[in-house]
Amino acid sequence: MTTQTSYLDQLNPSQRRAVKHFCGPLLVVAGAGSGKTRALTYRIAHLILYHKVDPENILAVTFTNKAAREMKERIEKTFAQELAIEKYEQRLELLKEYQQKQLFSQIYKNITKKLWIGTFHSLCSRILRYDINKYRDEKGRTWQRNFSIMDDSDVQSLIKNIITKQLKLDEKKFEARSVRYEISKAKNLGLSPAQYLRENPEYKGKIITEIYEEYQAQLAANNALDFDDLILIPVRLFEQNESILGYWHNQFKHILVDEYQDTNRIQYELIRLLSTNDEPNKKEWNWKDRSIFVVGDADQSIYSFRMADFTILLNFQSDFGDGLPDDDTRTMIKLEENYRSRENILQAANKLIENNTQRIDKILKATRGIGDTIFCYRADNEEIEAEFVINKIKEFRRNNPELNWGSFAILYRMNAHSRPFEDRLVNSNIPYQIVGGFKFYDRQEIKDAIAYLKVISNPSDTVSLLRILNTPRRGIGKTTIESLVTASQELGVPLWEILSDETSVSTIAGRAVKSINQFVKLLQTFQAQIETLPVAEILLQLMEQSGYIAELKNKGTEEADNRLANVFELYNAVLKFTEDTESNSIQDYLATASLSSDLDDLREGQEKVSLMTLHSAKGLEFPVVFLVGLEQGTLPHMRSLGDPLSIEEERRLCYVGVTRAQEQLFLTHTKERFVWGNREGKIPSQFLEEIPQELVTTNVKTKTRQNSSVSSTKRSHQTTKDISWEVGDRIYHSIFGEGEVTHILAGGKRTNLAVKFSGLGQKILDPTVAPMERI
DNA sequence: ATGACGACTATTTTT
DNA sequence: TAGTCGTCAT
């Protein structure tokens, strides 16, 4: 049994305390590069190995599929190392290959396969595969277990259709994009259409409610859910059905949440329900053999546009703690040692983030020596900027044989910024990969193929059905389709029912009768074999027998060839999925496909230069990082200028970028840049000024830094109004009314307060500015 | 029923 | 600028 502690030896005291945590609530405040993934994975291993927890009772929620996969892999590795010594009394690396393989497959079967590790969305979709048929929405609508998941573009066109065709609204006044955002926001706050209306009773709110209603009706008619529903429906189901909640509460005895600062209201609600069984009285909570363990860093909260709310993290201790005097220290651990970056880089990051007011104070301690200074480069335009970056990469490679192309990352604010870098990399014959942006599953041919599978799995999915009805062309025209759709709407049945009834088809459709019947027969053949035929086989045969492949072959253009290749790539992906998961469920595959981004496909150690947005870069690290486009209007993004809260989020984004670098960091900006077809003059990002000059070498000869002195006078002015605040202070705010201070947010030079107002929730206020006083 | 062309517009980040 | 959308002509 002594061998079981070998992984504990690799931890610092705080990490070890976190890993050893067994029952009850714990918040781990984990700075960038402080080894939080290690703490998470080792804790899971520790729960199983030491506390003998059944893997089936562990729920670990991550933010991306990639993080989930990595966590599984690392858990497997930890187990393999422990078991190698226990079983063979040898280190894992010294075992024969077949022994290693055996060990890993055993671990997969007994451990990893049983663990509930995944994103909120994938875990919820799994729960819904069991229980969605027990759910009724407020209008009594129901869903079946074979529900489809609508992707973004499906949702977009559905909503657009409702606005223009059904409700015949002015597209200018109600654009699909913003209505969709509004509906998504409502769902993420847990609001039904009726509840939304109550909060937004004015004209615009009424119309949006109407669209929301209709949208829900159509989702139900398609037996489909959108991304938000995947979380919202389990929450509703748990609220309306005690025994279902009881079942899952009992299932998930140990709950772990990664990136807790990125959770939103409804995700929090899900975690709360599962963890507390919705027992309102804290004294009744039974932590015996149960835990809730969350890891996060408020400074890396960059998803507020997706309703992420890091005050949820700030509230963790009061939400889940017992409130006893020593609760604060018992339920929180800070990981402050950074194992990733050189001290220079860390100092820059610390100074930068100090300018934020909304944060928990946290000092990252360097463990890796000072390193080279940061280099700041000012370019005339984005072409020169790209040239500089690529030249530097070449230079680095020449001078440092230990680096490969995979050691470099170019990080930017928006996908659109990748272009000039790509061009140069191509010209220089440097291998690179772009992460994010266009998704594999967003390609037309892939969506077509997936739509075939969706209709096989869920014939009510009219959105998918309409997509493939005349794809490839089989002579079913617009008018025919329209009358079929009208018929289905009038009868209130799914389009598929009309199509599969020969009498109806021959009555409604003219010339197209024959092809429709043929099409329906084809699909029916495979529907009948859904349990017996491998998914990949279904896909391939459908693509062949529908004539999809033939049509692409006939075209013979380069584009068509590409598409063809992609269809076969999809086939391979399905094969691999079936192999990996040992599942032949078409629904499992479709869920995975709908919920995967190509961030997940990023393969590390590929020896390619990585290009990606700052958002995609979270959680990654590279020896050499180029953070480009540091200009006002680029980073911080134009839409954040003028709004202090948004600027803070942009600053966190910049902070995430800076903290990706291990050895060397480059910051670049341009004097002018092409924006929407116009050349625009650019001034350096305010964030550049916030990084201490002594850490930076630059190609800019005379530095104009008047601004920093301005902001420091402003700061000293603010501190004069400083009073010392304490948690529990009651205040009166001239707009929000009476409230209570729940947190002191010390942000270096500024201090903010989190104040809870009854009915309004928690707000973050700057006491030196806000119209408030202590009472 | 299909393709081509031109006009238009939208500019953030993603499960 | 570039991608999308709709209209027009075939």
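Note that these values count all heavy atoms, side chains included, but never hydrogens, waters or copies made by symmetry. Within every chain, numbering begins at 1; the chains are lettered A, B, ... in the order of the sequence lines, protein sequences first and strands thereafter.
Residue Lys618(A) contributes atom NZ, which lies 11 Å from atom P of dT15(B) at whole-angstrom precision. Atom CZ in Arg673(A) sits about 18 Å away from atom P in dT11(B), given to the nearest Å. Look at CG on Leu411(A): it is 14 Å from P on dT13(B), rounded to the nearest Å. Going from atom CD of Glu650(A) over to atom C1' of dT13(B) covers 9 Å, rounded to whole Å. Residue Asp262(A) contributes atom CG, which lies 13 Å from atom P of dT14(B) at whole-angstrom precision. A straight line from CZ of Phe63(A) to C1' of dT14(B) spans 7 Å, rounded to a whole angstrom. At whole-Å resolution of the value, CG in Leu230(A) and C1' in dT15(B) are 9 Å apart. The nearest whole Å value for the distance from the CZ atom in Arg306(A) to the P atom in dT12(B) is 16 Å.
Remark on DNA chain B: of its neighbouring residues Thr613(A) and Thr479(A), the 5'-side contact belongs to Thr479(A), judged by nearest-heavy-atom nucleotide. Nearest-nucleotide assignment on DNA chain B puts the 5′-proximal partner with Arg177(A), out of His121(A) and Arg177(A).
The side chain of Arg473(A) has dG3(B) as its nearest neighbour among dT1(C), dT15(B), dG3(B). For Lys160(A), the side-chain atoms get nearest to dG6(C) when compared with the rest of dT13(B), dG6(C), dT1(C). Nearest to the side chain of Phe227(A), among dT13(B), dT15(B), dA2(C), sits dT15(B).
Side-chain N/O atoms of Asn415(A) include one lying less than 4.0 angstrom from OP1 or OP2 on dT13(B). Neither OP1 nor OP2 of dT15(B) sits under 4.0 Å from any side-chain N or O of Ser122(A). At dT14(B), one or more side-chain N or O atoms of Ser616(A) fall inside 4.0 Å of OP1 or OP2 (strictly under the cut-off).
Side-chain atoms of Asp262(A) do not come within 3.5 Å of backbone N or O of Ala308(A) as any donor-acceptor pair. Counting only distance, with no hydrogens or angles, the side chain of Arg129(A) and the backbone of Arg145(A) share a donor-acceptor pair below 3.5 Å. Glu648(A) places a side-chain N or O within donor-acceptor distance of the main-chain N or O of Thr357(A), the cut-off being under 3.5 Å. Checked by atom type and distance alone, the side chain of His669(A) never pairs as donor or acceptor with a backbone atom of Ser685(A) at under 3.5 Å. Looking at Gln261(A), its side chain never comes within 3.5 Å of a backbone N or O of Leu313(A) through a donor-acceptor pair.
Here Asp228(A) lies out of heavy-atom contact (under 4.0 Å) with every strand. When heavy atoms are screened at a 4.0 angstrom cut-off, Arg652(A) is found touching no nucleic acid atom at all. Contact annotation for Phe120(A): no contact, since no heavy-atom pair falls under 4.0 Å across all strands.
A cation-pi arrangement is present between Lys618(A) and Phe63(A) under the rule of less than 6.0 angstrom and at most 45 degrees off the ring axis.
The number of heavy-atom neighbours closer than 6.0 Å to OH of Tyr181(A), taken from other residues, nucleotides and ligands shown, is above 12.
Between His417(A) and Val628(A) there is no side-chain heavy-atom pair separated by less than 4.5 Å.
Across residues 632-639 of chain A, His637(A), Arg639(A) each have a non-hydrogen atom less than 4.0 Å from an atom of DNA chain B (numbered order).
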